[in-house]
Amino acid sequence: MGWPVYLAISWLCTASTSSSESAPTVWVDSYAGSDSNTGLTPETPVATIVQGFVAVKAHNATTMRLAGFHRMSVTLSISADDVPAGLVVDAWPGRPAGRLSGGVTISETNWKAATAGVYTTVVPPEARAALPDEAAIYVGEQMARRTMVRTPTLHWDQPVAGNVDAARGFVYNSSSIDASWSLDPASLARWRVNAFHSWVTSWHTVASIDPQTKTILFEQPAAFPYDSEQLYCSQKRWYIEGVPELDLTPGTWRIDDTGPEMMLHYVPAPGETFPADVTVPVVTQLITVNTRGSASVTLQNFELEHSANGPCSHSTLSQGHSWSVRGSATSQAQACDSDEALGAPAALSFSSCPKCSAVNLTFRDVGGYALEASHSPEFRANRLAVLGAGAGGIKVLGCVNGTVSNSWIKTFGLRQPAGVGVVLSTSANAVVEYCDISGGLYNGLGGGGPNDTAIGSAYRFNHIHGNGHESDDGICDFAGIHIANTNSVHTGPSITDNIFHNITAFANGGAGIYCDVSSVGIEVARNLVYDVAYSGFHWNVNPGIPQAMVPMNVTNNVFIMDRDNSFYAGKGPLSAPAVTWHGYSPAYFQKNINIVNSTRASSRGAWWGGTPCAQNEKQIAGQQIHGARRPQTCSWDFGENLVNSVFQDNVWFNSTDQHSVYTSTFGGGCAFTKTSCGGGATQSCSCRSFAEWQTAEAATSSLVRVDPQLSGPLRLVTNPQVLALGIQPLTGLAAAGPNWIPDVSR
């Protein structure tokens, strides 16, 4: 249902002419063209992009000039056979810009006023398969996004009992399902259940409901069972879309397929002019390009809009990439709940397409990701604008030497909140640079790769801000950037010269920089982090995943911790340290500015926090790891995590109170008291008094309780005493983000 039909050009053209000495250009204009034309001159353009590609293949053209509005009824699939000499699709100068839409328009004249402000129309045949799974319709000239009617957020009671798969249901609260609702199969078929885990949500269709036991069972298993430890942030939240008995509220819609025709009912939003044209997305992927490594394709200077999110049963994870920042996204994602929403389809996808490019493209209101590139060396995405996405912005998977640059990602995660602004995964020596990413519910940047597959990759000069929700549609455990290079033994990715701010979460999470799953060898330098709910720098170790002895390098960053959320505020004054350090492998922490402010945020009493090695590792100390050895002691003494690390030339400042007792947590000590180091080994805890630590820090040229005197929006250091440490003001951050502004108007 709703999954695209693929239109391969080779099906339409079985023979081609000999190539001429000068390859021709194909001209496409939906307004002035005709598919009976040759398309070989500006005076004889074809009308449709499909016919344009037929002409490209027939004449071995290497350029297509595109103009006008093109409604895609199926996915356009481009193969090496279609573009044997490579192809550039570009704008036709002086003609209306090319726009590709995966939507079907319902004319304003087709709407009829019903009762109580409800308008109704017959669903066009071409939209009937897609609409039951669709997240949104788009109303009027401004294409206002409108969602299906739903319940308020509910809370289930407990996992299912007995031999029932805990991933396929739970016991609901007695107040969640109204006794007047019909539970017959036809009614339940219209329900869509969204249930929260910690960093994903699962979308289910309903198999059955037993009102006696209050058990709801689903057709699709969730990635995380409902008795899983991965529910720590969920608070058992869930809601239901499409219940026939729910009253429509302003700006919501539902379908009714009980009669001879499928009907769409809609109540306009306040102030909305209606009746109006309404667009229903129906095509999941607008264009796919796979040249099998033999030709390059460049798509540039046009727009793509209104791709459908598609049914969860058609995850794209099966297309050859299953690694995510948390180590694996190998769930079949039958409930649209893969980590980083990697299973979500992309409106435009490139695979096995070396040196292919997407340049100056605008994506509006796409159902999954805007763009995916996989296994395409030297792939280039430049000057893209993603303006509204059901999952994420751009995912680059297994593209050695790839580049994503100078791009805007605004408003994403609208259907699958685990979508990421830009994912750069298992792509050695690839780069994400000069991007602005905002308005998502999860990571702004994500990726990395295990076993050194992310070696040499870089995230630099990006501006990440305004991500995460504290409201009950939010999720948890993420950051401005969230990467991992698990089981790697060489120097890994670099995170340099970025700005991260205004990042929060429903509960735990909302960090600035998050190196996860026992990462090692990552360079973190010259970043500015402020206005985030959790730590500026968070280094995590997963139990059972040992760390190789490749040093982390955290240098010349500014971490300003002056915000929290209700979750951390409720956990006490030490709950959100400026730096959270679970690692025990070697590291350098040098020339960093660390500021806390517990007046503005009550949880910000700690400069430093973390857990001892023994809490994360249950294996024998000194175990052989990739030819290196972990520290000989792996104990409950947090200080021993740091025996192979270097801390020097740092600044520690409490802008609330120069004499706060809370800031006695620090690098080289621990956030525990001497009676709570854990494991009963209190006699070996290395926690020192503040005076002891201050003396130790002075020996490393660090400054304690010295105001760095930050100035301006880039928080530039001005204190001569701090500058004398060799800490450099972050003047280079003036170049962070794109060098252009997207046109967000319609």
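In what follows, residues are counted from 1 in the order of the sequence shown.
Checked by atom type, the side-chain pair Arg563/Asn502 shows a donor-acceptor distance below 3.5 Å. In summary, the side chains of Asn360 and Arg383 do present a donor paired with an acceptor at a separation below 3.5 Å, with no hydrogens or angles considered. Residues Asp339 and Tyr442 bring a donor and an acceptor atom of their side chains to less than 3.5 Å of each other.
Going from atom CD of Glu433 over to atom CZ of Phe461 covers 9.0 Å, rounded to the nearest 0.5 Å. Atoms CG and OG, on Leu342 and Ser425 in that order, are 7.0 Å from each other to the nearest 0.5 Å. Distance CG/Leu528 to CD1/Ile593: 10.0 Å, rounded to 0.5 Å. Taking CD of Glu523 as the reference point, atom OH of Tyr588 lies at 13.0 Å (rounded to 0.5 Å). Distance check, rounded to the nearest 0.5 Å: OG1 of Thr555 to CD of Gln590 gives 5.0 Å. We find the NE2-OG distance between His197 and Ser234 to be 8.0 Å, quoted to the nearest 0.5 Å.
Although no hydrogens or angles enter the test, the distance criterion places no donor-acceptor pair under 3.5 Å between the side chain of Asn443 and the main chain of Gly421. Side chain of Asn527 to main chain of Phe500: no donor-acceptor pair is present (N/O by atom type, distance under 3.5 Å, no hydrogens or angles). Using a distance-only test at 3.5 Å, with no hydrogens or angles considered, no donor-acceptor pair links the side chain of Ser457 to the main chain of Ile455. Side-chain atoms of Asn467 come within 3.5 Å of backbone atoms of Gly439 as a donor-acceptor pair (strictly under, hydrogens ignored). Without hydrogens or angle criteria, Ser518 side chain to Asn542 main chain gives a donor-acceptor distance under 3.5 Å. Counting only distance, with no hydrogens or angles, the side chain of Asn594 and the backbone of Trp607 share no donor-acceptor pair below 3.5 Å. Judged by distance alone, the side chain of Ser655 and the main-chain N or O of Val596 form a donor-acceptor pair under 3.5 Å. Under the 3.5 Å distance criterion, the side-chain polar atoms of Asp707 are matched with a main-chain donor or acceptor of Gln709. Looking only at distances, a side-chain donor or acceptor of Ser198 sits under 3.5 Å from a matching main-chain atom of Gln230. A side-chain donor-acceptor contact under 3.5 Å links Asp564 to the backbone of Ser602.
Here the side chains of Leu445 and Ile437 are in contact, with some heavy-atom distance below 4.5 Å. Side-chain contact between Asn401 and Glu378 is present, with at least one heavy-atom pair separated by less than 4.5 Å. Put simply, the side chain of Pro450 reaches to within 4.5 Å of the side chain of Thr426, judged on heavy atoms. You'll find the side chain of Phe559 reaches within 4.5 Å of the side chain of Asn592, heavy atoms only. In this structure the side chain of Thr580 never reaches within 4.5 angstrom of the side chain of Asn540, judged on heavy atoms. The side-chain heavy atoms of Trp199 and Phe478, taken from C-beta on, include no pair separated by under 4.5 Å. Contact check for Ser338 versus Val200: no side-chain heavy atoms found under the 4.5 Å cut-off. Two residues are said to be in side-chain contact when any heavy atoms from C-beta on lie closer than 4.5 Å; Leu710 and Ile560 meet this criterion.
Between Trp608 and Phe589, the ring centre distance stays below 6.0 Å.
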**Request:** Take Asn485 and Asp452, measure what side-chain contact (heavy atoms from CB on, under 4.5 Å) needs, and give me the verdict at the end.
**Result:** CA-CA 7 Å; Asn485 66 338; Asp452 291 307; 5.6 Å; no
**Message:** Would Gln648 and Ser701 count as a side-chain contact (heavy atoms from CB on, under 4.5 Å) here? Give the steps.
**Reply:** CA-CA 6 Å; Gln648 63 185 21; Ser701 302; 5.8 Å; no
**Prompt:** Does the pair Arg715 and Leu733 meet the rule for a side-chain contact (heavy atoms from CB on, under 4.5 Å), with working shown?
**Reply:** CA-CA 10 Å; Arg715 278 59 170 184; Leu733 294 183; over 6 Å; no
**Request:** Would you check, one step at a time, whether the test side-chain contact (heavy atoms from CB on, under 4.5 Å) holds for Ile499 with Leu714?
**Result:** CA-CA 9 Å; Ile499 304 173; Leu714 298 181; 4.1 Å; yes
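Note: Trp581 and Trp539 have perpendicular aromatic rings, judged against thresholds of 30 and 60 degrees for the angle between ring planes. Between Trp740 and Trp408, the ring planes lie perpendicular to each other; the angle is over 60°, past the 30° to 60° tilted range.
In this view, Tyr534 and His538, Tyr568 satisfy the ring pair (Phe, Tyr, Trp, His ring centres under 6.0 Å) rule, not counting sequence neighbours.
Just one residue in the list Asp472, Asp477, Ile475 forms a side chain to side chain contact (heavy atoms under 4.5 Å, CB included) with Phe506, and that residue is Asp472.
Looking at Asp497 and Arg460, no side-chain N of the basic residue comes within less than 4.0 Å of a carboxylate O on the acidic one, giving no salt bridge.
Identified under the salt bridge (charged side-chain N to carboxylate O under 4.0 Å, His left out) test for residues 583-602, with sequence neighbours left out: Asp562-Arg600, Lys591-Asp649.
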